[in-house]
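Owing to the predicted nature of the structure, the values given are computational and were not obtained by experimental measurement. Residue numbering restarts at 1 for every chain, and letters A, B, ... go by the order of the sequence lines.
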Amino acid sequence: MKHTIALIVENKPGVLVRIAALFSRRGFNIDSLTVGATDKPDRARMTISVDGDEVVLEQVTKQLNKLINVIRVSELDPAESVERELAIIKVAAKKEDRSEIMQIVSVFRAKIIDVSPRSMIVEVTGSEDKVEAMVRLLRQFGIKEMARTGKVSMVRGSRIVGP
Amino acid sequence: MGKMSGAEAILECLKLEGVEIIFGLPGGVLLPLYDAIYDSDIRHILVRHEQAAAHAADGYARATGRVGVCIATSGPGATNLVTGIATAYMDSVPLVAMTGQVPTNLIGKDAFQEADITGITMPVTKHSYLVRDAKEIPRVFREAFYIARTGRPGPVLIDLPRDVTVNELDFKYPEIDLPGYSPNLKVHGLQIKRAAQALMEAERPVIYVGGGVKYSDGHRELVTLAEKIKAPVTTTLMGIGCFPEDHPLSLGMLGMHGTKYANYAVQESDLILAVGARFDDRVTGKIASFAPQAKIIHVDVDPAEIGKNVRVDIPVVGDAKSALAELAKVVEDKPWSPWNDKVAGWKSDHPLGYARDGDSIKPQAVLETICELCPDAVIVTEVGQNQMWAAQFFTHKDPKHFISSGGLGTMGYGFPAAIGAKLGCPDKEVFDIAGDGSFQMNIQELATAVVNEVPVKVIILNNGVLGMVRQWQDLFYEKRFSSTTLHRVPDFVKVAEAYGALGLRATKPSEIEPVLKEAIDSEVVTVVDIIISPDEKVSPMVPAGASLSEILELERAEGSGQFQKSYAGSAASEILELEG
């Protein structure tokens, strides 16, 4: 089972290493990990997607809380959160395929951000499922390259996981 | 306080933290710091190998309850500390380890004697710092000491590039500001209430105590609670001494080499109150069959320990001392029960023992004699058979008087740790209970002890083999003694004399007492070489991976030739029959 954890950490060198090392030493699996700035310059926010049962999740949360540089650990319930991932995909685009690719892009409310004679770069934003679906559909044309950010997530409503 | 160099600031911080003694060995990048140490009031003990600096600081910390401090130079000096840091980490010992580092402009360039020591020690430190600016020194040291000694204690490493110790700063000791660290010491009232109720309802309770009680200084509260509810108390290796072993409710140690009655009591109990212990595999045996009928209350200052290895019914996060005090307040007196009678029966039917016959010296008898002659001694151990005999055959009564590498099981720990303990408690008699294998791993520290006049007494139970591994080869590998024979080299009496220590030897049982008396009367570093049989075993024993119910009396089982069979079969009934 997949869980999403939001972390507020001190924005210092070595913090990411501590977190990655903890996952590797304790044998936890990271599905994806994103790091970015927050509104406060000395704090960063991470979103980690972990695979495991409730016992694993509890240990992950507790062990992360023990790291001195980790200020806050919150599990984000997917039912009460919005989550987004961004992917840019370089897809082979022969002349005869272009219109179909553009149709798919339009249905997914994605964007074409680069065009060249043999390929296009598509930008898609959405939930992991939506990105997955888009990738599946583009595969038939030939995906030459893909970069995904991993997801970021936030609880709906007034609950704050702030720095 | 005005301007000072980084090195001077470091010593100022140590002074403000109340540090009186540090253990270390200098090197190139540490020259500025050692130059400042030359003028300082802080006592520096020069070791002969950096590993010993970490162990000595650790032994000092365990014996005194204060933060131990060690120091080593960059590169190999720093990596030599790693075993000592890992030892302290596994046993939750408060330690601040300082390492020299190449100048900041050379970091990452593979400079001479450069090692990424913060990276190397990340999994074995509670926290670590690479100081990049002299201005950070006061804050870093203040935080390091605070983190090392609070909550669940542990080692903190501070890596100090050479230029940082030279550059000047305006010294101001700041307040602690650690938004990501708040050790949860206060226990939750509702959880205490639930735990107390469970204790009152339990018919067959057992209190299982670990090192957390030692570090929180909660042994008096433990006795009060146990006496009030008449609960038998068993300790882990780390918890030894937290409950007086001559107390009628004491079960001694549990686990792989624990007493039979402790293991039987745990397996039969309907409620385990675990305090400051972490359900280590050497304690629980096969985890699925550990205390099968028991509800579990788990008190620990580290929330991550609760639910890590076993399912817990009533978690209590907080300091062991205050949890025990709160519990003792709310529970009511309980009478001596049929459970107490049953446990007492096991105790008298299955005492710890050994065959007292024969011409060779019994290591168990050595420990018993030390206990008679010097019941208040601080017992530091190496690792292996010597450690288990020291745990089993000395009657421990004081939590700070038994010092041993439990979690990491570091051979070579005992002697330097004994030096640290003796420096922390100069008025107490300090023994290092050693094996010939372990002692040789830090034998060079004889020089440290002799030069600094630290009169520890090393008792070598010399069987000429790596005894604990050999015991397993004997039992489970058809006596194929692969690489466990040490050939009784060197002559430890001559080695002691070469270092300027007193060397003594005992080869016959009748010599034990006079030799030990001579060692105790000696005012100098003393090494006692006691010749024992390589076939002497640590008993009883729960084979690895077996349940605690399957604890075996080795001498007897081996003699009857049924040991192999019963181990392979692993059926409890078969073993009980064997014990007949």
Below 4.5 Å from any heavy atom of chain B, which atoms of [X] appear? Answer side chain, backbone, both or neither.
X: Val70(A); result: backbone
X: Arg25(A); result: side chain
X: Leu22(A); result: neither

Contacting region of [X] [heavy-atom separation from chain A under 4.5 Å]:
X: Arg152(B); result: side chain
X: Thr118(B); result: neither
X: Ile306(B); result: both

* Report the distance from atom NZ of Lys308(B) to atom CD of Gln63(A), rounding to the nearest 0.5 Å. =>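 Here the interatomic distance stands at 7.0 Å.
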* How many angstroms lie between atom CG of Leu67(A) and atom NZ of Lys126(B), to the nearest 0.5 angstrom? ->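 Going from CG on Leu67(A) over to NZ on Lys126(B), the span is 12.0 Å.
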* Could you tell me which non-hydrogen atom of Gly307(B) sits nearest to which non-hydrogen atom of Val55(A), and how far apart they are? => O-CG1, 4.4 Å
Heavy-atom neighbours of [X] [atom1] exceed 12 at 6.0 Å:
X: Lys62(A); atom1: NZ; answer: yes
X: Asp39(A); atom1: CG; answer: no
X: Lys135(B); atom1: NZ; answer: no
X: Arg118(A); atom1: CZ; answer: no

* Option from Ile71(A), Asp42(A), Ile8(A), Ile68(A) for which side-chain contact (heavy atoms from CB on, under 4.5 Å) with Pro179(B) holds -> Ile71(A)
* Asked: Any side-chain heavy atom of Ser128(B) within less than 4.5 Å of one from Arg18(A)?
  -> yes
* Output yes when a side-chain donor or acceptor of Gln59(A) lies under 3.5 Å from a complementary backbone atom of Ala304(B), and no otherwise. => yes
